[in-house]
Amino acid sequence: MEVEVSRRKFLRGSVKMTILGGVAASTTETILASHSNSEHKPTASNIPSSITTKTGTGKAKEVPTLCEICVNKCAAIARIEDGIVTKLDPNPLFPKSKNMLCARGNAGIQQLYDPDRLKYPLIRVGKRGEGKFKRVTWEEAYDAILNGTKDFKGLKQILDEEKNNRSTVGYCAGEGMAEHTFQNWMKCKFGSLNFVNHGTICLTTTIGGYTLTIGSYGAVDFENAKYVIMGGANRAEAIVTPDTMDIFKRTKGRGAKLVCIDPRFTHTAAKADLWIPIKVGTDLAFVLALTYVALTEELYNKDFVAKYVNGFEEYKNHIISNKYTPEWAEKITGVKADTIRKVARDFMKAAPQAIYYQGRRSTFSQQDFQLRRAQAIFSALGGGIDTKGGIIFGKKLPLGKHGTNIPVYSTTKDRVDYDKAAIVGSTGTWLGFRDAVLEGKPYPVRSMFIYKHNPMLNLPNIDKTRKMFEKFDLVVAIDIMPGDTVMMSDVVLPECTYLEREDPVKSYGGTMPSIALRQKVIDPIYPETKPVYNIIKGLAEKISKPMWEIAKKYDPVIQKDIEGMTPEQEEEYYRKNGHDLTDWLKAESQEEVNEHMVVSKWGKEAWEILREKGVFYPNMDKYFKKINDNEYQYYPEDKKFYTTKNGKFPTPSGKIEFVLPNMATKGLDPMPTWRDELYVKVPKGKFKFITGRHAQFTQNNTQNNPVLLDIIPENYLWINSRVAKEKGIKFGDLVEVSSEVGKVRIKAYPTEKIGPENLFFVHGFGAHSEALTLAYNNGAADNEIIKDVIEPYFGAAAMHTTIVDVRKV
Ligand code: SF4
């Protein structure tokens, strides 16, 4: 679902907004685009019945669904015996996951049957953070949100005191299919602009860098690329998905060359053709020097540049006049100048089937946005954008549309983090938002609603996050597990797991586009848990009229509009102008909404296929074929969408932007430029801390999973073995790692796979919630020691800029 709300206050009047995706609208407001689709529509009967599992012996029911243990959403088939989910298998029909379910996906059943799960609504009775709650009914929980209790204030009092500034209620969400239901209701119906999500503690700078340069983050065609540079993206170890396999099955003389740039010798480095260790935070200098070689040796694709690039000459002069030579870069990065020359030449020789991989997850340094721009530009110099074997845009299948009526509150104020970075979009800057809450400026944010997100463990400088939570008057958490953030809440609303609910239907773009459905596999095993759709619906019913009374009391525009109206006329105004907060959620369930979304575009039969097989795309019955036990054909080669072939890029000018003049007006660099002052040097005897992910451990979603803890029981500190020896640290010794903002204790793993200037451990451990039996105090939390450093473009957290010390305890 895509809804953009302007940073301006909501437009006055009844606004019809088009929403793509899974939020219901009242039938009278539904905009149904009639679809005249001439493409072949498959029937359920002529799709191969290949979705059968081979495990288990009893009489089993099988239901296709989508995994939710990480962001990839691989297709699974749940086997259900006597009402128990006994097995999850991959669903071979989904082109995105290609018959693969990783270790975490297989272990998803453990989340369903985790005895620590939240089972019913809770209200805080002790001090915030103390972990004391009492069990209540849903009605009592909604009542506490509206009216408060003796221990905390409710929405009515807060909104009254803030004179209907809806933005005094902040809200945040982690990535997920139902995130948008929560987010859009809070934004478009409740009316707050203060939303923050995981973007600025993840890949906002990467998405921003590529989008502003080539028009989109795009995808990568690892299956056909001949040369791939991966900088800091540990695909063999941090996220093992089908496209991860697409590249690793072709390295080491099997069709593609992979260059891994990483200060650690990771699994990706081990499987690459060339590993280049680099000083942490210097990748930008490396890419600028590659560009220098490509330009000065005229290795770039002149035709492509002439046709599709804006600002080439200016950028060329910039690179050459700044003397970004390989020798210059060697001094900064520690990478030999000859190696830089060789990589640049080999890349351009393989181009356009050559990719500088965009990257995932984190923002490394304060120069990260310019690093991603430089990567995109270097790829474009080879011509590998919107083409087979390069970065591709692909195609997305449309879904039905809904409209809704957005209420207008002239009393709603702009975001609090508005000026914390150059480009603050509708998802904000988490660290900037937190600072603004702590400062209480430009106005107080007094409440926080949280869905499927764990800021207590996910944001750098945990101590600061704790202080932020202590400032709120009301904290409401919707979650499955009683994690650290739930412990800081006043009202806890339990969601059912992904195997117990239906989420908004989703269209997946790429070379082989499809639509896939996460549907309910079994009824919730704890009857008081609910899908977020129903949770929000119940909340909307409870607070709609009281919120309207507050709006009337303080909003001068509404007051003027309704002056002299009879109660009946006022009621009509309330409904017509979107103040009825339930009107977006009139459908009985998410299932009903999904059916509408699919049937209105693709017809009833497509919907039946989606329900039965979990996946739909035109011609699936003709195209889908099993090649061997490990491989399937989803689309014939000539039907794949490798290129949009329209000669235009989705940028404002239609060309690839080497120069962004608007940046200069904000006092920022219009072209990627190395800034010494933004580079953090490592003082003698100290270390720069780096963090990362593990493929069997997805952040906080897996921290209490017994099967995965069996594979990786706790995290260990990587420390260079010579440094460890000097400090008398041996394998398994307990050490203390400390920074300016905190310290942790963790066991040591001395190794030659990391250099003497760095220390490393994986994210996802170190929870402090006693309600998590297995995760409680297990290992160390990286954000306990990572400093909150904001990068200036998008306000993202620069994760690899913290200097630390280590000692044996
Ligand atoms: S956890 Fe594994 S199976 Fe599940 S979505 Fe992620 S990659 Fe796919």
Side-chain angles (χ1 to χ4, degrees), residues 51 53 55 62-79 85 87-114 174-179 198 202-203 219-220 222 233-249 267-268 360-361 452 454 480-481 497-510 512 514-521 614-615 630 632 634 692-712 762-764 775:
I51 51 171
T53 56
T55 56
E62 290 180 341
V63 181
T65 189
L66 295 177
C67 180
E68 194 193 37
I69 304 297
C70 88
V71 299
N72 207 51
K73 303 170 189 72
C74 299
I77 299 167
R79 182 183 179 90
V85 182
K87 183 85 168 69
L88 293 171
D89 281 310
N91 181 352
L93 288 169
F94 191 29
K96 184 167 187 260
S97 58
K98 296 180 183 166
N99 200 32
M100 180 175 156
L101 210 59
C102 78
R104 291 168 303 180
N106 274 285
I109 297 176
Q110 305 300 321
Q111 186 180 78
L112 175 66
Y113 296 114
D114 191 326
E175 199 278 343
M177 294 174 82
E179 170 204 347
H198 71 292
C202 190
L203 73 170
V220 278
F222 281 145
N234 184 10
R235 288 298 302 257
E237 207 167 355
I239 179 155
V240 181
T241 52
D243 61 327
T244 304
M245 307 320 286
D246 286 343
I247 182 67
F248 289 110
K249 71 187 178 201
H267 287 190
T268 301
R360 292 182 75 113
R361 185 183 58 83
K452 195 178 170 273
N454 196 354
I480 291 166
M481 297 297 293
T497 67
Y498 70 101
L499 294 168
E500 302 166 297
R501 63 169 202 255
E502 178 142 328
D503 275 348
V505 62
K506 194 165 156 61
S507 177
Y508 294 84
M512 302 184 289
S514 65
I515 296 167
L517 183 65
R518 176 179 290 145
Q519 58 186 327
K520 185 163 80 171
V521 166
V615 181
N630 276 327
Y632 295 83
Y634 295 94
R693 300 293 185 268
H694 191 285
Q696 273 85 56
F697 219 81
T698 309
Q699 299 155 19
N700 300 302
N701 209 10
T702 46
Q703 59 185 346
N704 209 52
N705 190 307
V707 171
L708 299 174
L709 283 167
D710 206 36
I711 301 172
I712 171 167
V762 287
H763 175 77

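Read the numbers this way: they start at 1 and go in the same order the structure lists the ligands and their atoms. The figures here come from the full heavy-atom set of this structure, side chains too, leaving out hydrogens, waters and symmetry mates.
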Within reach of ligand 1, part of M100 (heavy-atom separation under 4.0 Å): neither
Search all heavy atoms of Y498 against all heavy atoms of G105 and return the closest pair with its distance. OH-O, 4.4 Å
Non-hydrogen atoms of F697 and G764 that approach each other most closely: CE2-O, 3.4 Å
Can you check whether V85's main-chain N or O pairs, donor with acceptor, with Y113's side chain at less than 3.5 Å? yes
[X] neighbourhood, listing ligand 1 atoms whose heavy-atom distance to it stays under 4.0 Å:
X    : answer
L101 : 3 (S)
T241 : 7 (S)
K73  : 5 (S)

Decide, counting backbone as well as side-chain atoms, whether C102 has an N, O or S atom less than 2.8 Å from atom 2 (Fe) of ligand 1. yes
Indicate whether any N or O donor in one side chain lies under 3.5 Å from an N or O acceptor in the other, for T244 and R235.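 Looking only at side-chain atoms, R235 and T244 do form a donor-acceptor pair, the distance falling under 3.5 Å.
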Assess the side chains of N701 and Q111: does a donor N or O sit below 3.5 Å from an acceptor N or O? yes
Would you mind finding which of C67, C70, C74 brings a heavy atom closest to atom 8 (Fe) of ligand 1? C74
